[in-house]
Amino acid sequence: MESYGEKLKKAREAKNLDYETISRETTISSIYLKGIEDEDTSVFPGEPYFIGFMRKYAEYLDIDPIPIVKMYQGKKLQEAPVPEGLIVHEKPHYFWPLVISGIVLFVGALVALFVIFLLPRLKKDLSNVVLDGSNSSKTYEMTGKTLSTRLYVGDKIKYRTEQGDIILTVSDTLFSFGFQCPVGTLYTELAEEVELDIDGDSRSDLIVYVSDISATDSSRGAEVRISRYGDGYVLSNAMQDSIPLASEVQTNHKQLVVFEDNRAYPFTLNGSFRGSCMFRYRIDRHQNVESYFSNGELVTMTANNGVRVWMSNSNAVKFTIIADSKTYNLDVGKAGQVLVEDIKWIRDTDGKYKLVVIELD
């Protein structure tokens with residue numbers, strides 16, 4: 001019987017696709033793609049990630065993900081060891097009478113202890129107990145406002161899209177905050193502020209910040225702040241403070257002010273290629289990403305503070321900046337021109353924030 005890894009590998013080879021192409025178009029690392037085809041779950045941080053990436057990979061290959069997941073679960077069940085409780089061991093003829101007698105004596109002792117010592121104290125304490133009915137799960141709807149609340153396992157968040165509602169269910173409130181969504185379970189660590197893609201379309205949908213979560217008691221829930229991406233979201237104070245002052249930016253470089261506001265917020269830089277170009281970019285303080293692009297290909301970069309781009313042929317790429325529902329088209333450079341640009345927020349002396357394009361040497 002064909003396994004799920006073989007089925008996905010054959011579908012990929014039938015479409016004449018390599019790991020690098022799929023990784024670029026799905027944002028799934030090549031290591032994970034190979035791990036799925038090799039049926040090696042050890043390369044993933046957890047089973048929810050494996051299942052989420054496998055579903056997304058199957059959909060990309062035009063394969064129904066539900067049978068693929070069932071094939072994985074069936075293999076996992078087959079490989080599981082036989083539970084000790086299902087193995088029959090012969091017992092001596094006196095075993096059960098002895099066990100039953102011991103249980104009766106033990107239960108009798110517990111009842112006597114409860115009646116003599118604990119029942120009077122329990123009756124006394126019950127008068128001071130207040131029943132709390134707030135433990136039932138709640139449902140929240142993401143509107144244009146930021147959701148700031150304490151969430152518990154089982155709570156649900158309704159996220160509206162043009163294709164319909166997406167229901168996010170809180171699944172973890174111990175060490176890390178996690179909720180289940182169409183692409184699997186996504187996690188956010190304590191004091192971490194991240195952008196999450198919940199529907200697998202390679203675009204950020206939510207910004208999640210966790211300000212309090214317990215490392216020992218999941219029943220305490222997690223204090224979180226959740227915003228819809230692009231709905232007037234403002235960077236945290238720490239991120240605002242990392243934005244350079246205008247006086248710190250070298251003035252001998254050509255600058256173009258794209259947007260000006262009294263706050264800074266994440267922005268998206270879309271690059272569409274109409275020719276061949278070696279292209280490299282760095283988002284915020286992350287590592288550089290470099291690849292070769294050709295006519296018709298696209299690249300999307302979403303940053304909090306800034307993006308630096310290098311291109312071997314600036315005329316081969318056209319940029320569009322999207323920030324807070326506003327769009328700006330950047331002029332294309334000259335054919336064959338090697339160009340380096342910074343697109344980033346800076347703070348002016350009057351307290352205003354400016355999103356600028358700086359052409360570097």
Side-chain angles (χ1 to χ4, degrees), residues 8-34 36-37 53-65 161-163 182-183 195 197-205 229-230 256 258 266-284 286-303 306-323 325-344 355 357 359-360:
L8 293 171
K9 182 178 180 180
K10 288 182 179 180
R12 174 180 63 79
E13 292 176 344
K15 293 177 179 287
N16 196 26
L17 295 169
D18 55 33
Y19 292 136
E20 288 72 19
T21 300
I22 300 173
S23 176
R24 185 168 62 249
E25 296 183 357
T26 64
T27 69
I28 301 176
S29 172
S30 298
I31 297 176
Y32 295 150
L33 293 172
K34 189 175 186 305
I36 293 171
E37 290 187 359
F53 288 150
M54 182 168 58
R55 288 174 61 93
K56 187 175 180 180
Y57 188 21
E59 291 172 351
Y60 174 81
L61 296 174
D62 298 323
I63 298 175
D64 186 355
T161 69
E162 294 179 358
Q163 291 73 32
V183 297
E195 301 168 11
D197 171 19
I198 63 174
D199 55 7
D201 64 353
S202 302
R203 294 180 179 273
S204 298
D205 301 299
Y229 186 83
L256 171 67
V258 179
F267 66 92
T268 297
L269 178 67
N270 290 324
S272 57
F273 292 83
R274 59 183 186 183
S276 300
C277 179
M278 179 61 70
F279 186 75
R280 183 165 75 246
Y281 64 90
R282 183 175 68 230
I283 299 175
D284 295 328
H286 298 173
Q287 292 184 342
N288 294 335
V289 178
E290 182 175 307
S291 187
Y292 183 82
F293 292 88
S294 56
N295 183 36
E297 293 188 292
L298 302 171
V299 62
T300 298
M301 300 151 281
T302 300
V307 179
R308 173 167 291 185
V309 295
W310 295 259
M311 62 210 86
S312 63
N313 181 8
S314 60
N315 190 52
V317 58
K318 179 180 180 181
F319 292 115
T320 301
I321 302 175
I322 304 173
S325 302
K326 299 187 290 285
T327 302
Y328 183 87
N329 295 320
L330 281 179
D331 292 335
V332 180
K334 299 177 182 179
Q337 180 185 12
V338 178
L339 190 62
V340 183
E341 288 186 336
D342 273 346
I343 299 96
K344 64 181 182 181
L355 185 60
V357 178
E359 185 175 320
L360 305 178

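Keep in mind that the numbers below use all heavy atoms, side chains included, and drop hydrogens, waters and symmetry copies.
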With the side chain counted from C-beta on, respond yes when M278 and N313 share a heavy-atom pair under 4.5 Å apart, and no when they do not.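 No, side chains not in contact.
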Ring-face cation contact, Y57 with R12, 6.0 Å cut, 45° max: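 Verdict for Y57: no cation-pi partner in R12.
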Residue pair M301, V309: steps toward the side-chain contact (heavy atoms from CB on, under 4.5 Å) verdict: CA-CA 10 Å; M301 300 151 281; V309 295; 4.2 Å; yes
I'd like to know whether R24 forms a side-chain contact (heavy atoms from CB on, under 4.5 Å) with F293, so could you lay out the CA-CA distance, the side-chain angles of the two residues, the decisive distance to 0.1 Å, and finally the verdict. CA-CA 11 Å; R24 185 168 62 249; F293 292 88; 3.9 Å; yes
State whether the side chain of [X] and the backbone N or O of [Y] hold a donor-acceptor pair below 3.5 Å, judged by distance alone.
X: E25; Y: I22; answer: no
X: K344; Y: V357; answer: no
X: S23; Y: I28; answer: yes

Approximate separation, where rounding is to 0.5 Å, of [X] [atom1] and [Y] [atom2]:
X: M54; Y: L8; atom1: CE; atom2: CG; answer: 7.5 Å
X: R55; Y: D64; atom1: CZ; atom2: CG; answer: 8.5 Å
X: F267; Y: I343; atom1: CZ; atom2: CD1; answer: 6.5 Å
X: D205; Y: D197; atom1: CG; atom2: CG; answer: 5.5 Å
X: I321; Y: T327; atom1: CD1; atom2: OG1; answer: 10.0 Å
X: L269; Y: I283; atom1: CG; atom2: CD1; answer: 8.5 Å

L256, CG: over 12 other non-hydrogen atoms inside 6.0 angstrom: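 Atom CG in L256 is crowded, with more than 12 foreign heavy atoms closer than 6.0 Å.
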Atom CG of residue position N16 - does it have more than 12 heavy atoms of other residues, nucleotides or ligands inside 6.0 Å?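 No, the 6.0 Å shell around CG holds no more than 12 heavy atoms from other groups.
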Worked check of side-chain contact (heavy atoms from CB on, under 4.5 Å) between Y292 and S276: CA-CA 7 Å; Y292 183 82; S276 300; 2.9 Å; yes
Closest contact, heavy atoms only, [X] versus [Y]:
X: P182; Y: I198; value: CD-O, 3.2 Å
X: R282; Y: W310; value: NH1-CH2, 3.9 Å
X: E341; Y: L330; value: OE1-CD1, 4.4 Å
X: F273; Y: S294; value: CB-O, 3.5 Å

Can you confirm whether the side chains of R274 and N315 place a donor and an acceptor under 3.5 Å from each other?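 Yes, a side-chain donor-acceptor pair sits under 3.5 Å.
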Checking T320 against N270: is there a side-chain donor and acceptor pair closer than 3.5 Å?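 There is no such pair (donor and acceptor under 3.5 Å, judged by atom type) between the side chains of N270 and T320.
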Tell me, with the steps shown, if Y281 and R308 meet side-chain contact (heavy atoms from CB on, under 4.5 Å). CA-CA 5 Å; Y281 64 90; R308 173 167 291 185; over 6 Å; no
So that I can tick it off, tell me whether E290 and R280 are bridged by a salt bridge, with the cut-off set at under 4.0 angstrom between side-chain N and carboxylate O.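 Yes.
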Would the F319 and Y328 ring centres measure less than 6.0 Å apart?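 No.
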Check the angle between the aromatic planes of F53 and Y32 and answer parallel, tilted or perpendicular using the 30° and 60° thresholds.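 It falls in the parallel class, under 30°.
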